[in-house]
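Order of listing sets the numbers, starting from 1, for every ligand and every atom in it. Side chains included, hydrogens not; waters and symmetry mates left out as well; all remaining heavy atoms used.
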Amino acid sequence: MKPSSKHLLLYLIIVFIFLGCSSVKTVPFENYVDTKTKKTHAQVIKTYNLENKGVYVSNEFDCARLNGVKQLNDSTAVLDIYPENSPINNSAYFAFKAWSNTPKDFYFEFKYPIGYKHRYVPKVKRNNVWKAVDSSQIFRNDSIVTVKLSLDKEPIVVAAQELQSSKDVKKWYTNLIKGKEDYVRLESFGSTTLGRNLPVLDIYRGNPEGKELIVLLTRQHPPEVTGFFAFQEFLKTVLGDSALSEEFLNTYRVLAFPIMNPDGVDLGHWRHNANGVDTNRDWSKYNQPEIKQAVKYITEKVKQDKNKIVLGLDFHSTWHDVFYTNKIRENTTFPNFIDDWFTALEKEIPGYKVNEASGNSTKPVSKGWFLYGHNAVGITYEIGDKTPKDKIKRMGRVSATEMMKILIKR
Ligand SMILES: [Zn+2]
């Protein structure tokens with residue numbers, strides 16, 4: 001064999017070993033969901049100038065969702081709001097800017113495709129402050145919802161939930177981890193279809209080797225901002241200047257993923273990523289870049305540092321606060337965690353009653369991946385669309401504190 005072909009052979013062997021090491025195990029589920037890339041419809045990005053009225057409506061910003069505007073009469077316009085593709089959950093998300101040359105009240109009627117209906121109470125951002133529109137300014141005629149807004153030349157943002165774009169999220173975690181560089185490492189686990197960065201915080205004190213691992217996920221579903229607020233408070237508490245946090249991070253390692261679907265978030269999607277797919281149905285075969293790279297990143301850390309995943313929390317929003325848990329507890333890494341955690345939450349939050357919905361995941365969602373793929377406790381941590389911020393913050397704070405206490409005592 002000539003030296004050059006010897007080198008080639010050696011090179012090929014190294015490539016194969018490398019590919020072998022970095023390949024990740026798929027996890028079978030009872031009901032496989034097709035998560036191959038699907039067609040999406042892009043919204044036309046523009047500012048609409050309502051004829052002769054001096055009123056403007058725009059979707060020229062991150063997280064906007066507005067597919068068309070039709071003037072109905074002197075004081076009313078109909079807003080077309082479409083999802084990125086269908087079928088899709090009824091997360092009828094909207095976000096637009098509006099302003100007027102002269103101060104005036106104006107009515108906006110929401111129009112969704114057949115089969116979808118208005119879900120979110122509109123929130124308005126004025127002078128940098130978000131406020132839900134008062135119910136006296138919201139009118140319902142059967143399923144048609146109209147909102148009355150006071151406009152002037154200063155644009156207001158009107159949205160289904162407070163906006164938290166990928167840039168806002170980056171600003172938040174950059175600020176959060178300042179001065180904590182000795183135990184929080186900001187890394188990237190890859191990039192999205194549209195080239196957006198996928199950030200992850202790798203959190204532990206001392207040596208990562210042999211530590212048990214907790215995984216925190218959020219923003220798989222773009223409009224689920226209330227779940228993200230709980231994630232923020234949860235993570236802030238885990239990173240807090242407390243003896244509890246210090247002891248916890250001496251023992252455990254946390255991988256926190258603050259924005260799993262930045263393309264979907266910035267494109268103002270109702271649920272899917274840029275490839276038109278629900279990433280929280282992709283935790284079986286990893287067809288989508290966000291999940292594929294997250295799983296690869298987690299798997300490599302676990303292998304490299306001999307970690308074991310004990311707990312995975314995935315923060316979402318739905319109609320009301322609820323914890324979706326797995327029924328299978330025996331023989332998992334931590335059979336008593338859920339009972340102990342919920343008991344502690346009820347004890348620490350006066351008048352609070354845990355709402356648990358228990359079932360074993362049959363579709364490829366993250367909580368099933370933690371269970372079937374790692375024998376770990378997996379929980380979908382859901383905050384209600386309308387849960388007030390002070391309650392969300394308390395939940396985030398107390399649930400993080402009690403988690404740390406339980407894990408330390410283990
Ligand atoms: Zn969700």
Side-chain angles (χ1 to χ4, degrees), residues 29 31 33 35 38 40 63 65 83-95 116-117 119-121 159-166 169 192 198 215-235 256-284 286-288 290-291 294-295 312-326 355-371 378-387 392 395-396 399:
F29 281 78
N31 298 318
V33 177
T35 51
K38 290 171 187 68
T40 61
C63 305
R65 172 73 15 187
E84 56 276 18
N85 61 2
S86 58
I88 195 164
N89 275 40
N90 188 51
S91 311
Y93 171 88
F94 56 86
Y116 301 100
K117 57 178 192 231
R119 169 166 174 177
Y120 299 102
V121 176
Q161 291 290 12
E162 292 183 26
L163 302 188
Q164 289 286 334
S165 69
S166 65
V169 175
T192 64
L198 291 166
V215 177
L216 307 176
L217 304 166
T218 192
R219 296 310 287 285
Q220 290 200 78
H221 298 146
E224 300 182 5
V225 176
T226 58
F228 173 66
F229 289 153
F231 173 95
Q232 285 184 305
E233 202 63 23
F234 191 98
L235 191 58
F257 296 79
I259 184 160
M260 283 295 290
N261 178 11
D263 283 350
V265 165
D266 288 353
L267 292 174
H269 279 186
W270 285 21
R271 190 170 178 89
H272 300 159
N273 66 358
N275 291 338
V277 171
D278 183 346
T279 60
N280 205 27
R281 298 291 180 273
D282 194 35
W283 292 86
S284 175
Y286 328 125
N287 288 315
Q288 294 304 317
E290 294 83 0
I291 307 307
V295 169
L313 299 176
D314 189 358
F315 291 75
H316 288 249
S317 307
T318 186
W319 304 93
H320 46 264
D321 294 359
V322 57
F323 290 102
Y324 291 117
T325 58
N326 291 310
N355 180 22
E356 179 188 6
S358 195
N360 293 322
S361 310
T362 60
K363 289 178 186 167
V365 299
S366 66
K367 97 173 159 72
W369 183 80
F370 289 116
L371 176 66
I379 301 174
T380 314
Y381 186 133
E382 300 264 8
I383 295 290
D385 294 335
K386 293 182 186 167
T387 304
I392 300 175
M395 266 301 290
S399 59

Name of the H316 atom (N/O/S only) found closest to the Zn ion (ligand 1):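 Result for H316 and the Zn ion (ligand 1): ND1.
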Atom name, H221 (N, O or S, nearest to the Zn ion (ligand 1)): ND1
Note, N261 side chain near H269 side chain (heavy atom, < 4.5 Å):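 Counting from C-beta outward, N261 and H269 never come under 4.5 Å.
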Backbone or side-chain N/O/S of E224 under 2.8 Å of the Zn ion (ligand 1):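 Here the distance criterion (N, O or S atom, under 2.8 Å) is met by E224, so yes.
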F231/L313 under side-chain contact (heavy atoms from CB on, under 4.5 Å): CA gap, chis, key distance, verdict: CA-CA 9 Å; F231 173 95; L313 299 176; over 6 Å; no
Main-chain N/O of H272 paired with E84 side-chain donor or acceptor, under 3.5 Å: yes
Criterion side chain to side chain donor-acceptor pair (under 3.5 Å) against S317, the qualifying member of T218, T226, D385: T226
